S.K.: 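Quick one: structure below, then a few questions.
In this chain, residues are counted from 1 in sequence order. None of the values given here were measured: they were computed from a predicted structure.
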Amino acid sequence: QEQLVESGGGLVQPGGSLSLSCAASGSSFDFYAVGWFRQAPGKEREGVSCISSGDGRTDYTDSVKGRFTISRDNAKRTVYLHMHSLKSEDTAVYFCATAYYTDSLRCGLVVSESDYWGQGTQVTVSS
């Protein structure tokens with residue numbers, strides 16, 4: 001069983017940068033794809049970015065392509081989300097979650113495919 005803890009959220013001005021971390025405590029972290037999701041007030045949770053368990057293949061939702069970068073450090077059991085050129089519409093609670101796929105090169109942005117979730121960290125983009 002994986003336990004996930006997000007950190008790094010906060011208040012940032014439009015155009016600024018922020019980096020989030022997702023630290024896992026389980027022993028099977030290497031075998032999981034990991035995704036970042038976000039949920040703004042009154043909206044459904046949506047997939048933002050994901051990274052596969054094998055060879056680090058990544059995917060991004062269109063609205064963050066070119067601005068966000070996901071990476072993972074299996075030795076530290078941590079996944080990062082580096083966010084640049086932040087916009088007010090990026091304001092949300094950000095969650096990380098694991099998903100297991102038999103294909104190690106696969107990752108997904110689908111909420112229902114994820115099993116273990118962190119508690120979330122608030123990101124607010126405002127002047």
S.K.: Looking only at atom types and distance, does a side-chain atom of Q13 sit under 3.5 Å from a main-chain N or O of V125, one as donor and one as acceptor?
M.R.: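 Answer holds: no.
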
S.K.: Do the side chains of V123 and D90 get nearer than 4.5 Å, heavy atoms only?
M.R.: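 No, too far: nothing below the 4.5 Å cut-off.
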
S.K.: Do D30 and S53 meet the criterion of a side-chain donor-acceptor pair at a distance under 3.5 Å?
M.R.: no

S.K.: Name all residues meeting the salt bridge (charged side-chain N to carboxylate O under 4.0 Å, His left out) criterion together with D62; count only those two or more places apart in sequence or in a different chain, and write none if there are none.
M.R.: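 Scan of D62 (salt bridge (charged side-chain N to carboxylate O under 4.0 Å, His left out), adjacent residues dropped) gives K65.
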
S.K.: Throw together a table of side-chain donor-acceptor distances under 3.5 angstrom for residues 14-21, partners on residues two or more places apart or in other chains.
M.R.:
from : atom 1 : to  : atom 2 : distance (Å)
S17  : OG     : H84 : ND1    : 2.9
S19  : OG     : H82 : ND1    : 2.8

S.K.: Heavy-atom distance under 4.5 Å between the side chains of L4 and C96, does that happen here?
M.R.: yes

S.K.: When rounded to the nearest 0.5 angstrom, what distance separates SG in C22 from CD1 in I51?
M.R.: 11.5 Å

S.K.: Sequence neighbours excluded and cut-off under 3.5 Å, please list the side-chain donor-acceptor pairs for residues 39-50, or say none.
M.R.:
from : atom 1 : to  : atom 2 : distance (Å)
Q39  : OE1    : R45 : NE     : 3.3
Q39  : OE1    : R45 : NH2    : 3.3
Q39  : NE2    : K43 : O      : 3.2
E46  : OE2    : R38 : NE     : 2.7
E46  : OE2    : R38 : NH2    : 3.3
S49  : OG     : D59 : O      : 3.1

S.K.: Can you name the residues that form a side-chain hydrogen bond (donor to acceptor under 3.5 Å, both in side chains) with Q122, not counting sequence neighbours?
M.R.: T124

S.K.: Quick one: OG1 on T69 to OH on Y80, what's the gap to the nearest 0.5 Å?
M.R.: 14.5 Å

S.K.: Go through the steps for T78 and F29 under the test side-chain contact (heavy atoms from CB on, under 4.5 Å), then give the verdict.
M.R.: CA-CA 9 Å; T78 301; F29 177 74; 6.0 Å; no

S.K.: State which residues pass salt bridge (charged side-chain N to carboxylate O under 4.0 Å, His left out) with D55; sequence neighbours excluded, sorted by chain then number.
M.R.: R57

S.K.: Taking only residues at least two apart or on different chains, which pairs with a member in residues 38-59 satisfy ring pair (Phe, Tyr, Trp, His ring centres under 6.0 Å)?
M.R.: none

S.K.: Of all heavy-atom pairs between I70 and V34, which one has the smallest distance, and what is that distance?
M.R.: CD1-O, 4.0 Å

S.K.: Do S52 and R106 pass the side-chain contact (heavy atoms from CB on, under 4.5 Å) test, and can you show the C-alpha distance, the side-chain angles, and the key distance before you say yes or no?
M.R.: CA-CA 5 Å; S52 68; R106 179 184 172 188; 5.9 Å; no

S.K.: Using the ring pair (Phe, Tyr, Trp, His ring centres under 6.0 Å) rule, collect all pairs that involve residues 43-66, keeping only residues at least two apart or in two chains.
M.R.: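 Qualifying pairs, neighbours excluded: none.
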
S.K.: Which other residues belong to the hydrophobic cluster containing V110, where Ile, Leu, Val, Met, Phe, Trp and Tyr are joined when side-chain heavy atoms lie under 4.5 Å apart, directly or via other members?
M.R.: none

S.K.: Enumerate the salt bridge (Lys or Arg N to Asp or Glu O under 4.0 Å) contacts for residues 68-89, please, sequence neighbours excluded, ordered by first and then second residue.
M.R.: none

S.K.: Could you check W36 against V79 for side-chain contact (heavy atoms from CB on, under 4.5 Å), going step by step and ending with a plain yes or no?
M.R.: CA-CA 9 Å; W36 282 99; V79 171; 3.6 Å; yes

S.K.: Just to verify, what does Y101 make a side-chain hydrogen bond (donor to acceptor under 3.5 Å, both in side chains) with, not counting sequence neighbours?
M.R.: E113

S.K.: Ignoring hydrogens and geometry, is there a side-chain-to-backbone donor-acceptor pair from E6 to G120 under 3.5 Å?
M.R.: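 Present.
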
S.K.: Sequence neighbours left out, what passes ring-ring contact (aromatic ring centres under 6.0 Å, His included) with Y32? Give chain and number order.
M.R.: none

S.K.: Apart from V111 itself, what residues make up its hydrophobic cluster when side-chain heavy atoms of I, L, V, M, F, W and Y under 4.5 Å apart count as a link, directly or indirectly?
M.R.: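 V111 clusters with F37, V93, F95, W117.
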
S.K.: Would you please test L11 and S126 for side-chain contact (heavy atoms from CB on, under 4.5 Å) and show each step?
M.R.: CA-CA 7 Å; L11 173 64; S126 175; 4.2 Å; yes

